[in-house]
K.L.:
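What follows is a single structure, and I will ask about it in a moment.
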2 protein chains.
Amino acid sequence: MTSENANSKPSPARRLKPRAEIIDNESAAGPETSRQQRRFLARKAVILDAALSLFSQSGLHGVSTEQIAEAADVSKTNLFYYFSSKEEIYVGVLKRLLSDWLAPLDALDPEADPIQAIGDYVRLKMEMSRADPRSSRLFCLEIVQGAPMIGDELRTSLKTLVDRKAAVIRRWSEDGKIASVDPHHLIYAIWATTQHYADFSAQIAAISGRTLDDELFFREATENVLRVILGALSTGVEAKPSKGAA
Amino acid sequence: MTSENANSKPSPARRLKPRAEIIDNESAAGPETSRQQRRFLARKAVILDAALSLFSQSGLHGVSTEQIAEAADVSKTNLFYYFSSKEEIYVGVLKRLLSDWLAPLDALDPEADPIQAIGDYVRLKMEMSRADPRSSRLFCLEIVQGAPMIGDELRTSLKTLVDRKAAVIRRWSEDGKIASVDPHHLIYAIWATTQHYADFSAQIAAISGRTLDDELFFREATENVLRVILGALSTGVEAKPSKGAA
DNA sequence: GTCTATACGATGATAGAC
DNA sequence: GTCTATCATCGTATAGAC
């Protein structure tokens, strides 16, 4: 879950290269990072952020290393000092966003009120779709193409997490706190409806003329998703979402 | 809607080339097509189908013309006899699938029973996600990247159609036949939940270990989507989907 | 209509000076 | 660590023979 070491298995054609690989485990930035190391990691972060913007818009093959270098304000040669290949940058971006991705679901509290907890999860997912649509889109691109780079992570970390939370939801059903629904399909529905506003924003903008940046539209969208999701959970009563704006 | 002529505006860098452009309006294949023309169009169709598979998996830039040629069983040079550029192939594929895309929504009947009509629409969309996930994925890829190639079509044909059907749904609401929901958001929710099973099948397979090819899983998924969507429409009673399998 | 050969640009990646 | 120069490869597209 904590994105471990990038040396594990970047999937396809692997090219060994020594260089700066020693400090490659960016997330394990312990307490004793020197000024140099911090500077190094900061630069990598800038590059990863620039790459996220570009990759989320044009995909792995639609972006050149030169574009990334330019956007990150480093020379192309220098880019290869920080990363040994374009794929390594791509995977780096994906790994980083995946952990952000799992956090909200991980936070689903078994002890909380089910409707409240799931409602909060939906609201949080909507906030994320608004705040960071680039990540949502890049993730979408990767999955649609068959998850060639992070398939392993999905089958391990993600599956474990989802199965665990599905058990929580199933328990809620069995206890009669929510209607009887298939937990996995419920989670898929939540992901689908919330991420749709980030991933398909071009289509939504073409039709509705608005995006989540429009505060009113954001509230309408959230309210509607809540109605749809929570509606499926009501055992007969209380189908109403908790937020009542617009 | 009928995909008009490709000469209109393929977006970026446009290169003029005469050649076989005369017969380029493939959909307008009238009754008096000669044997040669039919053969010509058939070949183009084979190429487009091969291209769909590849593009949906790797995106526009992730596929080479050589791969397309090989998959369509023509020489690379010959490929350029049928199409004047890779982008033309890409747009050709997109235009073709877009019309299939609009058809089901277009068929939503204002005179029908609302719950039945929307339920049928959902079921049809699920069937399409199962039958032709490649198209769904390619469409998704294009939209996620900002719809650079078909943005115009979305703002015209698609918007017109959706607005028209949204009015139908709004009328149903006003007449008290379904709950009061925002028609556009309802449509987005339907698209999101149904297409999710095609677009994110890699993720779903990683978690659930199953896809829509599994008949039981397909029924579960459909039932669940119906529960979610129709549940949002119920005015108080009849939240139950019509299909009761598994 | 189909093939062989090839021009030509773009791009991922490296070498080596400073 | 950063730069200039450069290589090798790939991929689009064209020319011209058959």
Side-chain angles (χ1 to χ4, degrees), chain A residues 10-24 34-47 50-51 54-55 58-93 149, chain B residues 10-24 33-47 50-51 54-55 58-92 149:
Chain A
S11 273
R14 170 84 183 152
R15 230 159 311 212
L16 271 306
K17 291 217 290 178
R19 284 229 231 172
E21 298 278 351
I22 313 99
I23 341 178
D24 199 26
S34 73
R35 220 175 307 118
Q36 281 192 7
Q37 282 174 328
R38 274 206 306 271
R39 194 180 146 73
F40 186 86
L41 294 178
R43 267 285 170 73
K44 290 190 80 161
V46 169
I47 293 170
L54 292 166
F55 284 141
S58 307
L60 171 59
H61 303 288
V63 174
S64 71
T65 54
E66 189 156 25
Q67 284 176 284
I68 299 172
E70 190 177 0
D73 203 40
V74 298
S75 70
K76 188 171 69 150
T77 327
N78 212 329
L79 186 71
F80 282 95
Y81 173 76
Y82 291 98
F83 295 91
S84 58
S85 74
K86 186 165 81 162
E87 279 193 359
E88 189 180 306
I89 301 176
Y90 182 77
V91 174
V93 176
M149 301 307 218
Chain B
S11 271
R14 170 81 183 154
R15 231 158 310 212
L16 271 307
K17 292 217 288 181
R19 285 229 231 173
E21 299 278 350
I22 314 100
I23 340 178
D24 199 26
T33 46
S34 72
R35 220 174 308 119
Q36 281 192 7
Q37 281 174 327
R38 275 203 308 271
R39 194 181 147 73
F40 186 85
L41 294 178
R43 267 286 168 72
K44 290 190 79 161
V46 169
I47 292 170
L54 292 165
F55 284 140
S58 308
L60 171 58
H61 303 289
V63 175
S64 71
T65 54
E66 189 157 26
Q67 285 176 283
I68 299 173
E70 190 178 359
D73 204 39
V74 298
S75 70
K76 189 170 63 154
T77 327
N78 211 330
L79 186 71
F80 282 95
Y81 173 77
Y82 290 98
F83 295 91
S84 57
S85 74
K86 186 166 79 163
E87 280 194 358
E88 189 180 305
I89 301 177
Y90 183 77
V91 174
M149 302 306 218

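Just so you know, these numbers come straight off a predicted model, no measurement behind them. Residue numbers begin at 1 in each chain, while the letters A, B, ... track the order of the sequences.
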K.L.:
Output yes when a side-chain donor or acceptor of B:Lys86 lies under 3.5 Å from a complementary backbone atom of B:Leu60, and no otherwise.
P.N.:
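Indeed, once roles are kept as given, a pair shorter than 3.5 Å links the two residues.
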K.L.:
What integer distance in Å separates A:Glu66:CD from C:dG12:P?
P.N.:
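Computing the A:Glu66:CD to C:dG12:P distance gives 8 Å.
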K.L.:
Whole angstrom is fine here: how far is it from CZ in B:Phe80 over to P in D:dT12?
P.N.:
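Whole-Å distance recorded here is 6 Å.
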K.L.:
So if I take every side-chain heavy atom of A:Lys86 and compare against C:dA13, D:dT12, D:dC3, which nucleotide ends up nearest?
P.N.:
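So the nucleotide nearest the side chain must be C:dA13.
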K.L.:
For C:dG1, does either OP1 or OP2 sit under 4.0 Å from a side-chain N or O belonging to B:Asn78?
P.N.:
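The answer is no; no side-chain N or O of B:Asn78 sits under 4.0 Å from OP1 or OP2.
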K.L.:
Among C:dT2, D:dT12, C:dT14, which is the nearest nucleotide to the side chain of B:Thr65?
P.N.:
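Nearest to the side-chain atoms of B:Thr65, counting from C-beta on, is D:dT12.
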K.L.:
Rounded to whole angstrom units, what separation is found between the NE2 atom of B:His61 and the C1' atom of D:dT12?
P.N.:
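Computing the B:His61:NE2 to D:dT12:C1' distance gives 13 Å.
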K.L.:
Please work out which of the three classes, parallel, tilted or perpendicular, describes the rings of B:Phe55 and B:Tyr90, given edges at 30° and 60°.
P.N.:
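Rings of B:Tyr90 and B:Phe55: perpendicular, as their planes differ by over 60°.
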K.L.:
Starting at the 5' end of DNA chain C, which residue's closest nucleotide do you reach first, A:Gln67 or B:Arg43?
P.N.:
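Mapping each residue to its closest nucleotide by heavy atoms, the 5'-most match is B:Arg43.
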K.L.:
Atom CG of B:Leu79 to atom P of D:dG11: distance rounded to whole Å?
P.N.:
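Those two atoms, CG and P, are 14 Å apart.
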K.L.:
Identify which nucleotide among D:dC3, D:dG1, C:dT2 has an atom closest to any side-chain atom of A:Tyr81, counting heavy atoms from C-beta outward.
P.N.:
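The listed nucleotide nearest to A:Tyr81's side chain is D:dG1.
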K.L.:
The side chain of A:Gln36 lies closest to which of these nucleotides: C:dG12, D:dT12, D:dG1?
P.N.:
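The closest nucleotide is D:dG1.
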K.L.:
Given side chains that start at C-beta, do those of A:Ile89 and A:Leu79 come closer than 4.5 Å, heavy atoms only?
P.N.:
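Result yes, sub-4.5 Å side-chain heavy-atom pair found.
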K.L.:
Grab the CD-C1' distance between A:Glu88 and C:dG12 for me, whole Å please.
P.N.:
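Going from A:Glu88 (CD) to C:dG12 (C1'), I get 14 Å.
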K.L.:
Minimum heavy-atom separation for A:Gly62 to A:Gln67, with atom names?
P.N.:
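In this case the closest contact between A:Gly62 and A:Gln67 is O-OE1, 3.8 Å.
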K.L.:
Does A:Thr77 make a side-chain N or O approach to OP1 or OP2 of D:dC3 shorter than 4.0 Å?
P.N.:
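False: A:Thr77 side-chain N/O out of range (4.0 Å or more) of D:dC3 OP1/OP2.
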K.L.:
Side chain of B:Tyr82 only, heavy atoms from C-beta on: which candidate in D:dT12, C:dG12, C:dT2 is closest?
P.N.:
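Per side-chain heavy atoms of B:Tyr82, the pick is C:dT2.
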K.L.:
Parallel, tilted or perpendicular: which one describes the rings of B:Tyr82 and B:Phe40, with boundaries at 30° and 60°?
P.N.:
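Plane angle between 30° and 60°, so tilted.
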K.L.:
Any side-chain N or O of B:Ser75 under 4.0 Å from OP1/OP2 of C:dC3?
P.N.:
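It does, given that an N or O in the side chain of B:Ser75 lies less than 4.0 Å from OP1 or OP2 of C:dC3.
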K.L.:
In this structure, how many angstroms lie between the C1' atom of C:dT2 and the CZ atom of B:Phe40, rounded?
P.N.:
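One finds 13 Å between C1' of C:dT2 and CZ of B:Phe40, rounded.
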K.L.:
Taking atom P of C:dT11 as reference, at what distance in whole Å does atom CD1 of A:Ile68 sit?
P.N.:
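Those two atoms, CD1 and P, are 12 Å apart.
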K.L.:
So which protein nitrogen or oxygen atoms get under 3.5 Å of nucleotides 6-9 of chain C's nitrogens or oxygens?
P.N.:
none

K.L.:
Under the side chain to side chain contact (heavy atoms under 4.5 Å, CB included) criterion, do B:Phe80 and B:Thr65 qualify, and how do the steps go?
P.N.:
CA-CA 9 Å; B:Phe80 282 95; B:Thr65 54; 3.8 Å; yes
K.L.:
Return the value, rounded to whole Å, for the distance between atom CZ of B:Phe83 and atom P of C:dT2.
P.N.:
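So the two atoms are 14 Å apart, to the nearest Å.
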K.L.:
Taking all heavy atoms of B:Met149 and all of B:Glu87, pick out the closest pair and write down the distance.
P.N.:
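Shortest heavy-atom contact: CE-CD, 3.6 Å.
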